[in-house]
Asker: 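Take this structure first; my questions come after.
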Amino acid sequence: MRGLAAVMQGRRIQYAETLREGLRWPFPAGLAARLTGAQVLGFRRRAKFMLMRIEGGTSVLIHLGMSGRMVARGAGHIAASQGPQGAVSDARGHNAPPERHEHLVMTLEDGTRIGFVDPRRFGCVDLVPTAAEDAHRLLAGIGPEPLEDAFTPAVLGAALAGRQTPIKAALLDQKIVAGLGNIYVAEALYRAGISPQRLAGSVAGARVLRLVPAIKAVLTESIEAGGSSLRDYVRADGEIGIFQENFAVYGRAGKPCPECPGLPGCGGVAQIVLAGRSSFYCPKRQR
DNA sequence: CATTAGCCCTGAGAGC
DNA sequence: TGCTCTCAGGGCTAAT
């Protein structure tokens, strides 16, 4: 979102075009027309959704899903494309051929072209009145923002109390806390020394006191590193985030965790499936 | 109500 | 080289 804001905030969208009917859901009627000619007023984020305020009291709600990315190119911006499609890096403006899996294109007056690229099409775009952003059906009921001061051990502890589901599943539940995904849940639980299998209701006392700062630290550090770039994700400016280099457990099955450097009898990071998702943890450090 | 399985998609990598 | 199989930053919906 910060990358997009740097490119789009205060600028006017000269022309917008949808290149297919929709992604996860059909694009809202008149999306391209609403974007065309509108000035971009500002951005905010709620959970994993970006909200782009444009003229006319409208906001554009954007979710990148699993494989989505916003790509800015032309007018001096570095292309985010990679591989064989990299040849379009010096293409400018709206006449450039669409990148593979580019579904929505916005061209600014200076020729910058911003594309929503999403191979798996799990992402979504919708329009919502700016005055009622949080009333959108996809945002209603979402839990507290983990980086805000209001997210305290007391608040998380209350949300987890009585829950019989594994803490891993509870933290992925956006109604309990907003914006955590599979990677950051794994990393936060590692730092807090909590097993992903532990029942959520039993995460209390000292464990919640460790978990809340662990969540805040993981997210803050990753944002500072530009995010985590696995497979196809790149930021709007084409640079990749580098937080994946700091993963302690995610994707590191069998390798020693940072705190247990190859001790005899230690099998290293374990991988199990919880809530339908791969979970990585150190059985020695996480209880 | 709380929790889980299925499903929406394409692409990359592993194994044969 | 090419095929098949499995898995991947998410989250809605139906079933249990």
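Note that the coordinates shown come from a computational prediction; the quantities given were computed from them, not determined experimentally. The figures here come from the full heavy-atom set of this structure, side chains too, leaving out hydrogens, waters and symmetry mates. Numbers restart at 1 for each chain; the letters A, B, ... are given by sequence-line order, proteins then strands.
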Asker: Taking the same atom, P, in dC7(C) and in dA5(B), what whole-Å distance lies between them?
Answerer: 15 Å
Asker: Could you tell me how far apart R137(A) (CZ) and dC12(C) (P) are, to the nearest whole angstrom?
Answerer: 8 Å
Asker: Check the phosphate of dG11(B) against R100(A), side-chain N and O only, distance under 4.0 Å to OP1 or OP2. Yes or no?
Answerer: yes
Asker: Whether H101(A) contacts dT10(B) is assessed here as follows: a side-chain N or O lying under 4.0 Å from the phosphate OP1 or OP2. Is that the case?
Answerer: no
Asker: Given atom CZ of R69(A) and atom P of dG10(C), what is their separation to the nearest angstrom?
Answerer: 17 Å
Asker: Which nucleotide in the list dT10(B), dC12(C), dC7(C) gets nearest to the side chain of R121(A)?
Answerer: dT10(B)
Asker: If stacking means aromatic ring centre less than 5.5 angstrom from the base's six-membered ring centre, planes under 30°, is F122(A) stacked on dG11(C)?
Answerer: no
Asker: Distance check needed: dA12(B) P versus M66(A) CE, whole Å only.
Answerer: 15 Å
Asker: Are any of S67(A)'s side-chain N or O atoms less than 4.0 Å away from OP1 or OP2 of dA8(C)?
Answerer: no
Asker: Write down the distance separating the P atoms in dG11(C) and dC1(B), rounded off to the nearest Å.
Answerer: 22 Å
Asker: Ignoring hydrogens and geometry beyond distance, is a side-chain donor-acceptor pair present between Q271(A) and S278(A) at under 3.5 Å?
Answerer: yes
Asker: To the nearest 0.5 Å, tell me how far L172(A) CG sits from I167(A) CD1.
Answerer: 10.0 Å
Asker: Scan L138(A) against the nucleic acid and name what it touches under 4.0 Å (heavy atoms): base, sugar-phosphate only, or nothing.
Answerer: sugar-phosphate
Asker: Rounded to whole Å, how long is the line connecting atom NZ of K168(A) with atom P of dG11(C)?
Answerer: 13 Å
Asker: Any ion pair linking E133(A) and R53(A) (charged N to carboxylate O, less than 4.0 Å)?
Answerer: no
Asker: Should E259(A) and K284(A) count as an ion pair when the cut-off is N to O under 4.0 Å?
Answerer: no
Asker: When the ring planes of F280(A) and Y250(A) are compared, do they come out parallel, tilted or perpendicular, using 30° and 60° as the limits?
Answerer: perpendicular
Asker: When both hydrogen-bonding distances must be under 3.5 Å and the geometry is Watson-Crick or G-U wobble, what is dC9(B) paired with, if anything?
Answerer: none
Asker: Rounded off to whole Å, could you give me the CG-to-C1' distance for the L23(A) and dC12(C) pair?
Answerer: 15 Å
Asker: Is the shortest heavy-atom distance from the side chain of M8(A) to the side chain of I114(A) under 4.5 Å?
Answerer: yes
Asker: Measure the distance from CG on L172(A) to P on dC12(C) and round it to the nearest whole Å.
Answerer: 13 Å
Asker: Any carboxylate oxygen within less than 4.0 angstrom of a Lys/Arg side-chain nitrogen, looking at R44(A) and D134(A)?
Answerer: yes
Asker: Tabulated below should be each protein N or O lying under 3.5 Å from an N or O of nucleotides 3-7 of chain B; please produce it.
Answerer:
| from | atom 1 | to | atom 2 | distance (Å) |
| --- | --- | --- | --- | --- |
| dT3(B) | OP1 | Q164(A) | N | 2.7 |
| dT3(B) | OP1 | T165(A) | N | 3.2 |
| dT3(B) | OP2 | R163(A) | NH1 | 2.8 |
| dT4(B) | OP2 | T165(A) | OG1 | 3.1 |

Asker: Quick check: does any side chain N or O of D118(A) sit under 3.5 Å from a backbone N or O of H103(A), one acting as donor and the other as acceptor?
Answerer: no
Asker: Does R120(A) put a side-chain nitrogen or oxygen below 4.0 Å from OP1 or OP2 of dG10(C)?
Answerer: no
Asker: Round to the nearest Å and state the distance from R252(A) atom CZ to dA8(C) atom P.
Answerer: 17 Å
Asker: For L199(A) and dA2(B), give me the distance from atom CG to atom P, rounded to whole Å.
Answerer: 15 Å
